[in-house]
Colleague: 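Got a structure here, written out as structure tokens. Questions coming.
The chains referred to below are lettered A, B, ... by the order of the sequence lines, with proteins before strands, and numbering in each begins at 1. What you see is a predicted model; the values in this text were computed from it and never measured.
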Number of protein chains: 2
Amino acid sequence: MPPHKLDDIDRKILAELQADGRMTNVELAKRVGISAPPCLRRVRTLEESGYIKGYHAVVDARALNFEVQVFAMVGLQSQAEVDLSKFEAKCREWPLVRECHMLNGEVDFILKCVAPDLSTFQSFLTGELLSTENVASVKTSLVIRCAKDEPGVPFEVLEARLAQNA
Amino acid sequence: MPPHKLDDIDRKILAELQADGRMTNVELAKRVGISAPPCLRRVRTLEESGYIKGYHAVVDARALNFEVQVFAMVGLQSQAEVDLSKFEAKCREWPLVRECHMLNGEVDFILKCVAPDLSTFQSFLTGELLSTENVASVKTSLVIRCAKDEPGVPFEVLEARLAQNA
DNA sequence: ATCCTCTTGAAATGATCTTGCTTAAATGAG
DNA sequence: CTCATTTAAGCAAGATCATTTCAAGAGGAT
């Protein structure tokens with residue numbers, strides 16, 4: 001159910017819910033300029049057709065004593081599809097690994113990891129990551145601080161493109 | 001208002017809302033084992049004390065024609081605090097840059113970027129990023145595919161640690 | 001022009017949110 | 001150990017919101 005042309009209102013809904021996922025439907029309807037029932041129908045449609053993949057609360061990791069965030073650049077020995085998939089499956093099992101992206105270039109994967117402290121991460125690194133078969137090299141970088149963290153789509157850019165094509 | 005000791009119920013609430021940020025309060029209350037009013041009070045407290053930093057809908061970037069995702073490793077010439085801050089401010093202004101993390105090691109920053117297509121990204125890269133003062137080097141890697149993307153805290157790990165300390 | 005389809009908005013109903021109050025349990029001082 | 005204090009739970013009520021139903025209007029095709 002992927003196609004389903006979006007109109008301006010749909011995009012506004014997506015932008016609003018991306019900014020505040022707990023907004024009530026009446027508030028959302030008011031902001032996008034339609035009444036509540038059609039607004040709710042649109043939201044449901046956007047959910048069912050996959051434009052909205054879920055809703056999440058952003059929890060402060062540091063407040064929960066996860067002090068350490070690390071990017072790990074991983075190189076594998078074999079890049080055969082089977083081996084790539086095996087490594088990805090491992091990543092999905094490791095709770096400390098929150099993101100796993102396959103890249104082009106010299107590095108095969110980049111992982112974003114969290115841990116309560118450095119020693120916890122180190123034991124994961126040596127005990128799990130580095131001792132996984134097919135892992136050739138791992139280069140890690142500690143996150144000192146985060147200047148921006150806004151996952152999602154820049155709707156400003158999207159609107160600009162649409163205005164241009166009109 | 002950062003302190004405010006969390007108990008088991010609070011952690012359950014955080015875990016549930018991280019998994020489904022749009023859950024109704026009565027459903028949440030049922031899951032964590034208390035009635036609705038105290039549950040809502042706890043959620044409000046968690047929000048006000050900063051444990052919950054916000055709620056967001058996850059929008060499918062690809063469905064909105066953002067086909068390209070790139071990690072950019074940036075090195076600066078000067079690492080004086082003023083210059084670091086200047087670069088971070090730039091990143092906050094660039095809509096294509098969704099995340100900006102300062103790292104230790106040879107690379108100063110890692111950026112996660114999105115773009116509708118490669119050419120859009122390339123013009124951003126050459127026209128903006130590379131022509132910014134103080135930027136010494138940029139190495140980019142295209143994301144081929146994403147095997148895991150679960151921002152947030154691994155509550156399984158948190159619970160395991162607490163059980164151990166008990 | 002007429003029918004068909006699709007979407008909207010108003011109204012109604014049921015569920016949820018939210019507040020104030022009461023009560024019970026936990027904590028500490030004497 | 002007892003009592004005062006504090007903290008949080010549950011209950012009940014009104015307000016708000018979600019969701020369904022349905023009639024009406026816009027747009028397209030015949």
Side-chain angles (χ1 to χ4, degrees), chain A residues 1-60 63-65 155 158-159 162-163 165-166, chain B residues 1-60 63-65 155 158-159 162-163 165-166:
Chain A
M1 205 180 302
H4 170 285
K5 268 296 181 187
L6 298 182
D7 60 13
D8 285 349
I9 296 182
D10 289 318
R11 280 187 293 273
K12 265 191 179 180
I13 290 176
L14 291 174
E16 292 289 346
L17 287 180
Q18 178 175 277
D20 177 5
R22 274 218 109 165
M23 190 180 299
T24 66
N25 183 58
V26 297
E27 172 67 17
L28 180 61
K30 197 181 310 174
R31 293 201 186 195
V32 304
I34 59 178
S35 64
C39 184
L40 184 62
R41 275 191 296 267
R42 279 167 180 266
V43 172
R44 294 279 177 269
T45 303
L46 291 170
E47 288 168 355
E48 284 160 21
S49 53
Y51 286 98
I52 296 177
K53 300 203 282 188
Y55 302 89
H56 301 288
V58 179
V59 174
D60 185 350
L64 261 50
N65 297 115
F155 280 95
L158 182 59
E159 297 301 340
L162 292 172
N165 295 3
Chain B
M1 205 179 301
H4 170 286
K5 269 297 184 187
L6 298 181
D7 60 12
D8 285 349
I9 296 181
D10 289 318
R11 281 187 293 273
K12 265 191 180 177
I13 289 177
L14 291 174
E16 292 289 347
L17 286 181
Q18 178 175 278
D20 177 5
R22 272 215 107 152
M23 190 180 301
T24 66
N25 183 59
V26 298
E27 172 66 18
L28 179 61
K30 199 181 307 172
R31 294 202 186 192
V32 304
I34 60 179
S35 62
C39 183
L40 184 63
R41 279 192 289 263
R42 279 169 180 266
V43 172
R44 293 281 177 268
T45 303
L46 290 171
E47 289 168 354
E48 285 161 19
S49 53
Y51 286 98
I52 297 177
K53 300 204 282 187
Y55 301 90
H56 301 288
V58 179
V59 174
D60 185 349
L64 261 48
N65 298 115
F155 280 95
L158 182 58
E159 297 300 340
L162 292 172
N165 295 3

Colleague: If I compare all heavy atoms of B:K5 with all of B:D10, which pair ends up nearest, and what's the gap?
Modeller: O-OD2, 4.1 Å
Colleague: Specify the residue among A:R41 and A:E27 whose closest nucleotide of DNA chain D lies further upstream toward the 5′ end.
Modeller: A:E27
Colleague: Is B:R42 touching bases, backbone alone, or none of the nucleic acid, heavy atoms closer than 4.0 Å?
Modeller: sugar-phosphate
Colleague: Would you kindly give the CD1-to-P distance between A:I9 and C:dC6, to the nearest whole Å?
Modeller: 18 Å
Colleague: Just compare D:dA9, C:dT16, D:dT19 and give me whichever is closest to any side-chain atom of B:V26.
Modeller: C:dT16
Colleague: Starting from C1' on D:dA18, measure out to NZ on A:K30 and report it in whole angstrom.
Modeller: 15 Å
Colleague: Can you check the B:N25 CG to D:dG10 C1' distance for me, whole Å?
Modeller: 14 Å
Colleague: Write down the distance between CG (A:L40) and P (C:dT8), rounded to a whole number of angstrom.
Modeller: 12 Å
Colleague: How many whole angstroms separate atom CD1 of A:I34 from atom C1' of C:dT7?
Modeller: 10 Å
Colleague: Where is the tightest heavy-atom contact between A:L6 and A:R11, given as atom of each residue plus distance?
Modeller: O-NH1, 3.4 Å
Colleague: Can you see which heavy atom on A:E47 is nearest to which on A:Y55, and at what distance?
Modeller: OE2-OH, 2.6 Å
Colleague: Can you check the B:R44 CZ to D:dA8 P distance for me, whole Å?
Modeller: 17 Å
Colleague: Taking any heavy-atom pair under 4.0 Å as a contact, classify A:T24: base, sugar-phosphate, or nothing.
Modeller: sugar-phosphate
Colleague: In whole Å, I'd like the distance from the CZ atom of A:R31 to the P atom of D:dC17.
Modeller: 13 Å
Colleague: In this structure, how many angstroms lie between the P atom of C:dT16 and the CZ atom of B:R22, rounded?
Modeller: 14 Å
Colleague: Looking at B:D60 and A:G50, what are the two nearest heavy atoms and their distance?
Modeller: CB-O, 3.4 Å
